[in-house]
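A quick write-up on the structure given underneath.
Along the sequence shown, residues are numbered consecutively beginning with 1.
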Amino acid sequence: AELPNLALRYVYEPRRGKVRALTAGIEASAGRALLMTDDDVHVPANWIEDMCRPLLSGEADAVQGGIKIATHLERPWLTGVLRTWVASVEDPAFPPEGLVGANMACSRAALDAVGPLDTRLGPGAAGFYEDTVLGWRMDRAGYRKLFLPQVMVEHHFQEDRLTVGAFMASAQRMATARAIVEVEEAIGRAV
């Protein structure tokens, strides 16, 4: 599809971490719809239009698209929570908790209202939950999220993420990120 109004600009962020990269991109952008993904996904041909249309039409304030595991990374044992840990978001009956950053979009107005992404979280920092927390904040503020699993990206993560050691390391990073979030929320409630 042609996108005559789409201007592309490369933004370099020298500091480590996905949240810092996303924040740099958000700060450099001027659009009403912010579309986010990871560096290891393949997107479909109409991805930009399909993810941004509900935001630009006013149907939603945030959109969660589908994320499927690349065929060569599928394993018979990769089920349940293990699929979730490699960011699989495929089942229309089960929208993810919060948002999953490998395929999400939000309106600038909603993102500005709920605050920036937390640089202590996400890849390159604690490891997880920068996207989930953003989704939780949007939920609490009453913003509308739309789950579009049919707008599916294909996740081509490194195969070494499918080892016992990698899943153990992920569990530790998730626990660290979750502790940051829960302690912050507890302190916020106490103040």
Side-chain angles (χ1 to χ4, degrees), residues 6-43 47-48 51-52 55 60-67 69-70 84-89 96-141 143 145 151 153-161 166-188:
L6 182 66
L8 297 177
R9 180 171 37 140
Y10 174 79
V11 177
Y12 175 73
E13 172 53 60
R15 296 172 297 168
R16 180 175 153 88
K18 177 183 174 184
V19 173
R20 292 185 193 284
L22 288 173
T23 299
I26 291 165
E27 289 173 356
S29 70
R32 294 182 6 234
L34 303 168
L35 184 55
M36 297 169 231
T37 190
D38 290 352
D39 62 355
D40 58 359
V41 302
H42 296 177
V43 300
W47 179 65
I48 294 172
M51 289 293 288
C52 293
L55 301 174
D61 303 298
V63 176
Q64 175 65 63
I67 306 164
I69 298 167
T84 303
W85 286 9
V86 291
S88 174
V89 178
E97 181 181 356
L99 290 167
V100 180
N103 190 12
M104 69 180 196
C106 61
S107 72
R108 175 174 298 283
L111 181 62
D112 288 347
V114 300
L117 292 163
D118 189 334
T119 57
R120 299 170 301 167
L121 303 174
F128 289 91
Y129 292 123
E130 80 289 351
D131 44 9
T132 304
V133 169
L134 176 64
W136 290 342
R137 287 181 190 160
M138 288 188 176
D139 287 341
R140 283 194 298 264
Y143 288 101
K145 286 191 315 191
V151 184
V153 300
E154 190 174 69
H155 197 189
H156 290 261
F157 53 84
Q158 294 292 321
E159 193 168 350
D160 63 4
R161 284 182 60 186
F167 280 111
M168 294 299 292
S170 288
Q172 290 173 328
R173 288 191 309 277
M174 280 184 218
T176 299
R178 192 67 184 232
I180 290 169
V181 171
E182 290 186 12
V183 168
E184 177 118 338
E185 288 178 0
I187 291 169

Contacts of [X] that satisfy side chain to side chain donor-acceptor pair (under 3.5 Å) - sequence neighbours left out:
| X | answer |
| --- | --- |
| Q172 | none |
| S170 | R173 |
| R178 | E182 |
| E185 | none |

Applied to residues 99-114, the side-chain hydrogen bond (donor to acceptor under 3.5 Å, both in side chains) test, sequence neighbours excluded, yields S29-R108, W47-N103
Of the non-hydrogen atoms in [X] and [Y], which two are nearest, and what is the gap between them?
| X | Y | answer |
| --- | --- | --- |
| A87 | I67 | O-CG2, 3.0 Å |
| A102 | D38 | CB-OD2, 3.5 Å |
| W85 | A171 | CH2-CB, 3.7 Å |

Test your reading of the model: is there a side-chain donor-acceptor pair from [X] to the backbone of [Y], 3.5 Å cut-off?
| X | Y | result |
| --- | --- | --- |
| R137 | P116 | yes |
| K145 | C106 | no |
| E97 | T132 | no |

Y143 meets the ring-ring contact (aromatic ring centres under 6.0 Å, His included) criterion, sequence neighbours left out, with none
Test ring-ring contact (aromatic ring centres under 6.0 Å, His included) applied to H156 - qualifying residues, sequence neighbours left out:
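Partners of H156 by the ring-ring contact (aromatic ring centres under 6.0 Å, His included) criterion, ordered by chain and then number, come out as H42, H72.
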State whether the number of non-hydrogen atoms from other residues, nucleotides or ligands found under 6.0 Å of R140 atom CZ is greater than 12.
yes
Among residues at least two apart in sequence or on other chains, which ones pass side chain to side chain contact (heavy atoms under 4.5 Å, CB included) with A177?
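Side chain to side chain contact (heavy atoms under 4.5 Å, CB included) list for A177, sorted by chain: L121, A126, F128, Y129.
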My understanding is that only residues two or more places apart in sequence, or in another chain, count here; which of them pass side chain to side chain contact (heavy atoms under 4.5 Å, CB included) with Y12?
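Y12: side chain to side chain contact (heavy atoms under 4.5 Å, CB included) contacts with Y10, P14.
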Once you round to the nearest 0.5 Å, how far does CE of M51 lie from CG of L34?
11.5 Å
Among I48, V63, L55, find the residue that satisfies the side chain to side chain contact (heavy atoms under 4.5 Å, CB included) test when tested with L35.
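Looking at I48, V63, L55, the match for L35 under the side chain to side chain contact (heavy atoms under 4.5 Å, CB included) is I48.
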Where at least one partner belongs to residues 118-136, residue pairs that pass salt bridge (charged side-chain N to carboxylate O under 4.0 Å, His left out), sequence neighbours excluded:
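Output for this query lists K18-E130, D118-R120, R120-E184.
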Using residues 21-28 as the side-chain source, report each donor-acceptor pair under 3.5 Å to any protein atom, sequence neighbours left out, with the distance given to one decimal.
| from | atom 1 | to | atom 2 | distance (Å) |
| --- | --- | --- | --- | --- |
| T23 | OG1 | V19 | O | 2.8 |

Hey, are the side chains of [X] and [Y] touching, using non-hydrogen atoms and a 4.5 Å cut-off?
| X | Y | result |
| --- | --- | --- |
| V86 | R161 | yes |
| M104 | L134 | yes |
| Q158 | D40 | no |

All salt bridge (charged side-chain N to carboxylate O under 4.0 Å, His left out) counterparts of R15, not counting sequence neighbours
E13
